[in-house]
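See below for the structure under consideration.
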Amino acid sequence: MTRPITLEEIDERLRSLDETLIAGPEDSRALGRIMELRIPAARTQSEPARANRRWVVRLGAVATTIVVVMLANLAAAYFAPTYSRALADAPGVGGPSSKILATFGLSAGQVTAINDSATSSGHTLRLAAGYADGLRTVLFVSVDGKGLDGNPKGYGMNPGDYGLGDFRLTDQFGHTYVPSGVGSPNWIPFTPLAWPASTVGARLTLHVISIDALWLRGAGEIHGDWTLRATLVAEPARTLALPAPVRLPQATYTFTSIRSSATTLIVRWTIDGPILDEEEKLRPAGNSTTTQAGMQLEHGYFWPQVFDVFGRTVQLADWGITFTKPATGEITVFIPGPGRYRIRLGDALTADELQRWIVVP
Amino acid sequence: MIAQAAPDAGQTPTVTLFSDDPREFEAAFRQVSRSAFLLARHLGRSPDEAMDIVQEAALRGWRYRSTRSGEFRPWFLAIVYRLSRRRVPEWIPLPAGWDAAAPNSLRSEIDPELVAAMRRLPSRQRAALWLRYCDDLAIADVARIMGCSENAAKQLLLRGRDGLRARLSSSSQEVSS
């Protein structure tokens, strides 16, 4: 039989509520927009000098042949990880929590456990896991064992919460990758792997030269020398066929690019027509708040959404409209996998003939 | 920029930051923006209204940053709370004592009973519980955010927990011998 609940039980359940709270599609969209508008500028560094590697082999003819064969295999394995497919897919100890992975539309089975660590200046950085496909590369790093579990919302507020400061990510061919998209100081999305690493697999080197004491908000930078390595193989991205334009009396929407990977879909389009003049009239000057009419117009004609085959909104990564003439739009969503998806480019464009279906193979 | 640490005995040190660097303000804002949004939602605002409130709070916060004393989080949440409680012009006059409805798009698969019980509480009790338990804020900070005395904040929390106790059942089973 059940007994009356105690105040202690209520307190405990309340404390864990935020961890388990699931926001609806409209909340997710609003939160995504808030976060999108507040992305700090990505830190980049000058292009690193390409590493020079030379091997000097002075052996007899037979030995040379053996060594050449061995080196060829080693080189192939080093420069082409797909050759050896040395992926550590075993469940990682202390990997990123499912809540953190979910913010990138990922699950534990989709990321590669890495667990490479380095210590400098009294702090240990661990590259716990990574993910790569043709549209993005994501790395998850803990500092002194923190940052990948617990309450991600609260991370950074307490003494001992560190995030990466200055860092550089390169592959075995010397290509540099820069942060791209919404992340945090510990879970960082980068630009997708570049050729040839995108084809043969990437041996990535994350060189961190400083970490930030997040709770001091810029006043606690610690310099050091941490080098973390990861091997990631990216599934390729595909370019999908473009659907027909959407035509209205006041606007024409023309799709310009649709690309997909196993977990991500990026749609780009242009908007032209009298709707842009209308929007310009209603756009607030300076910092004043958007008017009700302006909001309605934006929602109606400039707020895109992507739905799955069951009519559910798929998880939004980010989106934006650049109000030039013609205006350009871009939306990135995290998709659960292959299938049919419906694109709606504004809340007013609900009629079937104004929406477009695409198939992600 | 000046950072001051003012540790209290037995408590987590509080850090006060005075800065004119917009990037630092932006970084602090990003850390609190989700909490701010959910606070506005618990006070009955729609997702779009909550988004506008958080963005307006950021602009106001930046404009009046020199007036801040103490931690960024409660200071910013206080702005969000005030904006969320601001009366919205309505076509139909609202009756006296009308209270904003709880958000129905926020749910929990782990503890749906608690979410349902929270929805039935008055918005101020919801907000107080959210700030105290989900945002891990001290009672003094809850009072500061909600613009009331600490005793009043304690009363809100007490009534909120009593309201939940009346609607929740214990998840643990009583063992009968």
Side-chain angles (χ1 to χ4, degrees), chain A residues 1-7 9-35 37-41 151-159 163 182 184-185 212-220 286-290 292 295 299 303, chain B residues 1 3 5 12-13 15 17 19 21 23-24 26-31 33-38 41 46-48 50-52 54-56 58-59 63 72-73 103-111 113-115 118 129-130 132-136 161-162 164-165 168-174 176:
Chain A
M1 62 184 284
T2 58
R3 59 177 174 77
I5 190 167
T6 63
L7 286 176
E9 281 183 71
I10 291 175
D11 293 356
E12 192 180 331
R13 287 168 70 174
L14 279 167
R15 285 199 175 92
S16 59
L17 176 62
D18 188 35
E19 298 282 337
T20 64
L21 203 65
I22 301 169
E26 285 301 310
D27 292 288
S28 300
R29 171 194 283 275
L31 269 168
R33 195 171 187 213
I34 289 170
M35 296 306 290
L37 290 170
R38 307 295 167 194
I39 300 168
N151 182 358
K153 170 180 67 73
Y155 189 73
M157 301 305 291
N158 302 308
V182 179
S184 89
D212 286 332
L214 298 174
W215 74 98
L216 297 178
R217 299 181 189 113
N287 285 339
S288 56
T289 310
T290 308
Q292 190 67 28
M295 287 292 286
H299 284 223
W303 278 49
Chain B
M1 186 202 65
T12 306
V15 176
L17 183 76
S19 171
D21 186 346
R23 288 170 303 179
E24 287 174 17
E26 191 172 305
F29 165 72
R30 286 186 72 213
Q31 302 233 4
S33 57
R34 181 178 180 274
S35 290
F37 176 83
L38 290 173
R41 292 286 284 127
S46 71
D48 287 346
M51 182 181 70
D52 285 347
V54 174
Q55 290 180 348
E56 189 178 348
L59 293 174
R63 199 175 300 147
F72 183 94
R73 192 178 197 86
N104 56 11
S105 58
L106 298 176
R107 59 193 174 84
S108 167
E109 288 182 357
I110 307 292
D111 202 345
E113 191 191 17
L114 177 62
V115 174
M118 287 273 282
L129 288 171
W130 179 262
R132 177 77 181 100
Y133 292 99
C134 301
D135 244 335
D136 299 327
R161 291 158 83 215
D162 280 339
L164 291 178
R165 184 156 62 171
L168 292 174
S169 56
S170 175
S171 55
S172 59
Q173 302 290 310
E174 191 173 66
S176 55

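Chain letters run A, B, ... following the sequence lines, proteins first, then strands; residues in each count from 1.
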message: If I measure from the heavy atoms of chain A, does B/Leu114 come under 4.5 Å with its side chain, its backbone, both, or neither?
response: both

message: Under the rule for side-chain contact (heavy atoms from CB on, under 4.5 Å), what residues qualify as partners of A/Glu12, not counting sequence neighbours?
response: none

Results of side-chain contact (heavy atoms from CB on, under 4.5 Å) for A/Ser16 - residues two or more places apart only: none

- line: Turns out that what part of A/Ile10 lies under 4.5 Å from chain B's heavy atoms comes down to side chain

- request: May I ask you to decide whether A/Glu9 forms a salt bridge with B/Arg165, counting only side-chain N to carboxylate O separations under 4.0 Å?
  value: no

message: For a side-chain contact (heavy atoms from CB on, under 4.5 Å) check, start with the C-alpha distance between B/Asp48 and A/His299, then their side-chain angles and the critical distance, and finish with the verdict.
response: CA-CA 10 Å; B/Asp48 287 346; A/His299 284 223; 2.4 Å; yes

message: Quick check for you: to the nearest 0.5 Å, what is the distance between B/Leu164 atom CG and A/Leu7 atom CG?
response: 9.5 Å

field: Heavy-atom pair with the smallest gap, counting every atom of B/Cys134 and A/Leu17
entry: SG-CB, 4.1 Å

message: Rounded at 0.5 Å granularity, tell me how far CG in A/Leu14 sits from CZ in B/Arg132.
response: 11.0 Å

